[in-house]
Amino acid sequence: RGWGPFAPSETPDSVKRVAHALVSAAVLDGRIRRLHHCEGCGVLCKRKRDGSEWELPTAYAHHDDYTRPLDVRYLCGHCHRLWHDAERAA
């Protein structure tokens, strides 16, 4: 049976893609509430009302563990980069 982009796979990239897609769907259907502040430093992150450009940096949904796809933290770009730099150094 064709699974399309969600074909079962063991590759890390496919697990990440599926987790990202599940979060997007959960935000759209209301199972996850998108936060507009960074859970790392507390900075407010939001778009202008007309959606044309960013007033402040966006908050990214970050997975600490891709095997728990709906368990995310919202981090600004700076905190997100710091987290990944520390993870790579460990």
Residues which pass side chain to side chain contact (heavy atoms under 4.5 Å, CB included) with Leu82, listed by chain and number, not counting sequence neighbours: His78
- prompt: Does one hydrophobic cluster hold both Leu35 and Tyr60, with members joined at side-chain heavy-atom distances below 4.5 Å?
  reply: no
query: Of all heavy-atom pairs between Leu22 and Leu70, which one has the smallest distance, and what is that distance?
result: O-CD2, 3.7 Å
query: Got a sec, which residues hit side-chain hydrogen bond (donor to acceptor under 3.5 Å, both in side chains) with Arg31, two or more places apart in sequence or on another chain?
result: Asp29
- prompt: So which pairs with a foot in residues 71-80 pass salt bridge (charged side-chain N to carboxylate O under 4.0 Å, His left out), sequence neighbours left out?
  reply: Asp64-Arg73, Arg68-Asp71
Identify all side-chain donor-acceptor contacts of residues 83-90 below 3.5 Å with residues at least two apart in sequence or on another chain.
from	atom 1	to	atom 2	distance (Å)
His84	NE2	His80	NE2	3.2
Asp85	OD1	Arg88	NH2	3.1

field: For His20, all residues meeting ring-ring contact (aromatic ring centres under 6.0 Å, His included), sequence neighbours excluded
entry: His63, Tyr66
query: Where do Val72 and Glu39 come nearest, in terms of heavy atoms and distance?
result: O-OE2, 4.4 Å
- prompt: Step by step, would you call His62 with Tyr74 a side chain to side chain contact (heavy atoms under 4.5 Å, CB included)?
  reply: CA-CA 6 Å; His62 169 78; Tyr74 283 93; over 6 Å; no
